Amino acid sequence: MTQNRAIAQRFALIADLLEIGGESVFRINAYRRAARAIEGLSEDVAAVAARGGLTEIPGIGKALAEKIVEFLATGTMRAYEDLAASFPPGLATLMLVPEVGPKTALLLHEHLGISTLDELEAASAAGRIRELPRMGQRTEEAILRGIAMVRRQAGRRPLGFALPVAAELVERLRVVPGVKQISAAGSIRRMKETVGDLDILVTSRAPARVMDAFTTSPEVSEVLERGSTRSSVVLDAGLQADLRVVEPAAYGAALQYFTGSKEHNVALRERAVRAGLKLNEYGLWRPGDGRGGDDRRVAGRTEAGIYRALGLPWIPPELREDQGEIEAAEAGRLPRLIEVEDIRGEVHAHTSWSDGADSVEEIAAAAVAMGYEYVCITDHSQSLKIARGVPAADLRDHIRQVRSLSDRLGIAVLIGTECDISADGTLDYPDDLLADLDLVIASVHTRFRMSREAMTSRIVRAMESEHVDILGHPTGRLLGARDPYEVDIEAVVDAAVRTGTALEINAAPERLDLKDTDVRLARERGARLAIGTDAHSCAQLRYMPLGVGTARRGWVEAREVINTLPLASLREVLGHRGGNPRGRR
DNA sequence: GCCGTTTTCGGCCCGACTGTTTTCAGTCG
C-alpha cells in the first residue's frame, strides 16, 4: 500500500505545480481528484494495475493510468520529474502558508527568488514583501503569522483536544440573546482525527449581537475577520474558530455546506446541477426563467430536506468524504452506523495494578456510571517494566480477586491483560495463565523499528495464538508524535479474518488506532472489531465517542464490534476463536 | 485530465471576505 501513498503524493504535487504555473483549473482538479482516489483506495494500486482495472477508479482515465503504470514499473513519473525540474524544490510548500496561494507563490519566486519557508520568513521580516504588487503591510504580517502556524504542526490538532473546546464555545454562544439554533459543523462534526479549525453555525435574527458576543468572548485571543455573516478568531487554545450566522430557512443548507467535506459538497453540487438545481449555503434552488423570475428555494431548512430533494437519504456526517457514500445512499446501501449507545462495555482499561491511576473498584464504579453492562481490566504484562507490568504470580492473584469481587461491584468485571507481543511474536505470559483469563489483548509496545516483514509476521504470529482475542492499537501510531510502525496492514486484516481476532479501534485521543481508512478496509474484508478506550483512569473511559466516531468514519455497524454484544454473547465469542466471525452470528 | 439520461466535445461548484484597490484579484472554505 505504500505505493498508493507515493503515487497520491506525486499527483498532489503535480497539481500544486500546475497551479503555480497557471494551468487550467480543471486539469489541476483532475490531478487532485486522482490523488484522493488513490489515497482512499483500500486495495494495493499495484494489484489493481495488474488486473488492468486502473481506469475503473473514478477520476483515473487513460493518461493518469499510464502515469501510474509508469511509476509502478520505474519508480519515477516523467511528468512529475519534468515539472519539478522547472520549479525550485519546495516552492509548493509556500502554499501551506495561509494567504499564499499559487499566484502569490509565483510572485514571490519571480520577484524575490523565494522558494522556501525560511526565505519567505526572512523577506517578510525584512519588509520586502510589501514592496511587491498587490501586497501590503497587512499581508506581510499575515504571512509571518502563517509561517509560525505552519511550523506549529501544520495547524491541525487532535480531535480529542478540539472536541471539548468546541463544546464549551457552543455552550457559551447558545445562551447569547438572539441565538436560536446552534451547531458545530466542519471536520469536528465529521469526527475527523485532526481538526484544523472550529466551524460553528447559528441562526439568529440579531446577527450583529451574536458576532459581538463571539468576537469578544473571553477565550478569544485575536480577531482575524469580522463580517456580518462570518467572523474568524483565534482562541487561547491555539485553535482558529469561524462563526457563521444564517437565517432559519437556510439552517439545513448551511449546516450541510459547512460540515463538508469539501469533496462531498462538490459532488453534491454537481448532482444538483445535473438535476437542473443549484446548491449553495442558503439552500437548494430551482433557477428562475432568466427574465426576471427569481430563483425558488426548494429546500434549506433542514439537512435531511436538502438530501431528500436531491433524491438521497440523509447521509451521516462521518461518511461525507466523497468516498462512495453518495453512491451508496442512492442505492439504499448506506450502513446503519454504530452509535455510542450501542456500546455495552469497556474492553480495555488499566488500573493501579499497572500504570493506571485508579483501582479496580473505582473503574468498576465509573463503568456503572457509563451505563455499561461489563468492564474488562486489562493491565500491562510482566515484561513492560516501564508501565509496572504485572508479574505472572500477581496476575493469578488478580484473577481470584476479581472473580470474588465481581458480584459486589454492581457490574460484571472481567479480568484480562494487555499482553506484550515479544519481538519474535510470542506472548509475555505462559499459555496456561492466558487460558485462565476472560480476555487477552495483544499489543506491541517495544522494538518499533523492525522491518515491515518482521513486524508483520511478529504480529500475525501473536494473532494466531488461540488465547489472543484482540490486537491492541494495531499500528502503534501517536497522532502528531509517532508514525505507525512499518506493518502490512492488509496482511494483518487478513489474519484477523482468518483467526477471528478482533482488531482494536483504540479510542485514546492521541492514538485513534486503527485509523478510519484502515477500519473501513477491515470491515470490508469481514474482520471483527473492538472499540476500547485504553483508559488509564476513570475519566478516560469517556474517550469512547472518539473511538465510535472513528468506527463510523470506517462505515462500521454495531454488529461488527464485539463490545456491542451482551455479556453472554461476548463470552461466547471470547470462548470460541477461529473461523469466520460473521458466519457465527 | 476526466467524462457522458444535455455531450466522444465542451463542459467541469459556489460565495464571502480582505487588501489594495478605484472595480477586483486572490484566497479560503
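Since the structure is predicted, the reported quantities are computational estimates derived from the model, not experimental observations. Here is how names work: the chains are called A, B, and so on, in the same order as the sequence lines, proteins then strands, and each is numbered from 1. Below, each value reflects all heavy atoms present in this structure, side chains not excepted, and no hydrogens, waters or symmetry copies.
Dense packing is recorded around CZ of A/Arg226, with more than 12 heavy atoms of other residues, nucleotides or ligands lying under 6.0 Å away. Other residues, nucleotides and ligands place more than 12 heavy atoms under 6.0 Å from the CZ atom of A/Arg271.
Taking only side-chain atoms of A/Lys67, from C-beta outward, the nucleotide of B/dG29, B/dC24, B/dG1 with the closest atom is B/dG1. Side-chain atoms of A/Lys103 lie closest to B/dG26 of the nucleotides B/dG26, B/dC28, B/dG1.
Residue A/Arg271 is classed as having no contact, given no heavy-atom separation below 4.0 Å to the nucleic acid. At the heavy-atom level, A/Gln137 lies under 4.0 Å from the strands shown only through sugar-phosphate atoms. At a threshold of 4.0 angstrom between heavy atoms, the contacts of A/Ser231 with the nucleic acid are absent. Within 4.0 Å of A/Val25, counting heavy atoms only, lies no atom of the nucleic acid at all. Here A/Arg138 lies in heavy-atom contact (under 4.0 Å) with sugar-phosphate atoms only. The residue A/Pro133 sits apart from the nucleic acid: no heavy atom pair falls under 4.0 Å.
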For nucleotides 7-16 of chain B, 5' to 3', base contacts (B), sugar-phosphate-only contacts (S) and non-contacts (-) with protein non-hydrogen atoms under 4.0 Å give -----BBBSS
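Using cut-offs of 30° and 60° for the angle between ring planes, the A/Tyr31 and A/Phe11 rings count as perpendicular.
For the pair A/Met95 and A/Ala65, both in contact range of DNA chain B, the more 5′-proximal nearest nucleotide belongs to A/Ala65. Checking A/Gly59 against A/Arg274, the closest nucleotide of DNA chain B that is more toward the 5' end is the one next to A/Gly59.
OP1 or OP2 of B/dT18 has not a single side-chain nitrogen or oxygen of A/Thr139 nearer than 4.0 Å. Remark: A/Ser232 is not in phosphate contact with B/dC17, judged by side-chain N or O atoms under 4.0 Å from OP1 or OP2. Residue A/Lys62 places none of its side-chain N or O atoms closer than 4.0 Å to OP1 or OP2 of B/dC3.
Using a 4.0 Å cut-off between a side-chain N of Lys or Arg and a carboxylate O of Asp or Glu, A/Arg520 and A/Glu524 qualify as a salt bridge.
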